[in-house]
Amino acid sequence: MTRDRAILRIHFHHDGNEDLYHQLLAVLDGISPRWQALPPTAADQDVTGALKYFDRHPRDLALLIALRAAAFYGVQTTIGGGNSILIAAMAADTTPPGRITIVDPTPDAIAAFLNPRPVHALPGIGPATATLLTRHGLHTIGALADTPPLTLQRLLGKATGREIADRVRGHDHRPITPGSAPASRSARHDFPHDELDPLQHRRALLVLAEQLGADLRATHDAAGTLTIDIRYADRSHTTRTRTLPEAANHSAALTHAAFRIYDTLGLQRARVRTITLRASALRTAADAHHQLLLDASDDKARRLEKAADTARAHFGPDAVFPASLAPSP
């Protein structure tokens, strides 16, 4: 049962270096092989079996992970824990950097942790859904928990309403799927202040897509999926993933896909702190299918992109950039 599980969400505070990330995941192997990578800087780990082996509390195992990451690689961690992925993830999101929060697996402890939190802190509730709920007077997770499931289904739809009704009580039976970290590339933009302007969000996405495309072309890779992770001022975050119509490393294709994902989020005056764009399901670019278009402009854009990559290789990454990113006069 879910109550018997012990799950940790580990955030490694590093710059997203992929080699370092794989080394940090090896630290988890020393505790339990049941971990699931969340590139570029996080992982979930099921330490249920390790509790008996080490004869320790989940907090002790979390502290051991933190100590090893710091001692071996100089990397600070933030760790949350609970009896499900949902509780562990939320505990980590509400924990100050470098600290550990473990929610005891009792109904009272789970309710005490969840109920005071705003509705947008619950995974699966984006800004648009949060606005709808608060408009109906449902401002906290506790208020959602007190709402009849049929009422939630009328507000949110049958499937979503049922799912939210489970989540507000901490019910989450998703398993940890062990496996190595999938091949991925990522780029991250940190705003100097809480950014509310959607135009600045899109400008950041354009920069990230250009950077990601150049990185993929340099390694002769192409991405099968694209993920946007947006972290807000209150430390909550939203993640959306889209499978691309065809594997791509063309910056224009990545930018188009990133904008489409962003548009689905429905952000309105959201206070955005960080945007991360991640390319995954990588494959060799030579093996990736490219849809031929009867459009000379597409071929021209790819030739220009190749010339720009050559210029950047000789003169630095800022040698060529889209005109829309040029500083205002």
Side-chain angles (χ1 to χ4, degrees), residues 1-11 25 28-29 31-39 42-53 57-59 61-62 65 79-95 100-126 129-130 133 138 140-153 155-182 225 227 229 236-241:
M1 295 176 61
T2 302
R3 185 177 301 177
D4 298 327
R5 294 198 299 166
I7 307 296
L8 300 178
R9 165 66 60 87
I10 304 105
H11 289 289
L25 291 175
L28 303 184
D29 263 332
I31 305 297
S32 168
R34 298 192 62 80
W35 53 262
Q36 182 172 342
L38 302 172
D44 285 333
Q45 185 170 36
D46 188 334
V47 296
T48 307
L51 298 179
K52 184 175 181 180
Y53 179 83
H57 185 273
R59 182 180 300 277
L61 297 184
I65 292 169
I79 303 176
N83 66 352
S84 68
I85 293 176
L86 181 145
I87 297 296
M90 293 185 66
D93 284 344
T94 58
T95 300
I100 297 169
T101 298
I102 305 295
V103 179
D104 288 336
T106 65
D108 288 345
I110 292 171
F113 172 74
L114 288 176
N115 288 356
R117 307 195 182 281
V119 292
H120 62 72
L122 189 72
I125 294 183
T129 303
L133 292 171
L138 302 171
T140 66
I141 295 176
L144 283 179
D146 291 337
T147 302
L150 288 178
T151 300
L152 291 179
Q153 291 178 33
L155 285 174
L156 305 174
K158 193 171 184 179
T160 302
R162 279 201 303 260
E163 183 177 4
I164 295 301
D166 280 341
R167 290 189 174 190
V168 295
R169 291 167 177 80
H171 299 163
D172 180 9
H173 303 289
R174 289 175 295 165
I176 300 295
T177 305
S180 59
T225 62
T227 298
D229 184 275
S236 65
H237 70 102
T238 301
T239 301
R240 292 289 186 275
T241 298

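Fair warning: this is a prediction, and the values are worked out from it, not measured in the lab.
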Shortest non-hydrogen contact between [X] and [Y], atoms and distance:
X	Y	result
Gly170	Leu86	CA-CD2, 4.3 Å
Val103	Ala91	CG2-CB, 4.2 Å
Arg174	Arg5	O-NH1, 3.0 Å
Arg167	Pro123	NH1-O, 2.5 Å
Ser84	Ile87	OG-N, 3.2 Å
Ala145	Asn115	CB-OD1, 4.5 Å

Using only atom types and a distance under 3.5 Å, with no angle test, would you say the side chain of [X] pairs donor to acceptor with the backbone of [Y]?
X	Y	answer
Gln45	Ile10	no
Thr101	Gly80	no
Gln36	Ile176	no
Arg9	Met90	no
Ser32	Asp46	yes

Side-chain touch [X]/[Y], heavy atoms, less than 4.5 angstrom:
X	Y	value
Thr94	Arg117	yes
His11	Asp93	yes
Leu133	Leu156	yes

Under 3.5 Å side-chain donor-acceptor pair for Asp104 and Thr106: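 Distance-only check fails for Asp104 and Thr106.
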Would you compute the distance between atom [atom1] of [X] and atom [atom2] of [Y] and round it to the nearest 0.5 angstrom?
X	Y	atom1	atom2	result
Ile125	Thr160	CD1	OG1	10.0 Å
Ile79	Leu8	CD1	CG	6.5 Å
His171	Glu163	NE2	CD	13.5 Å
Leu114	Arg169	CG	CZ	10.5 Å
Leu138	Ile164	CG	CD1	11.5 Å
Ile102	Asn83	CD1	CG	11.5 Å

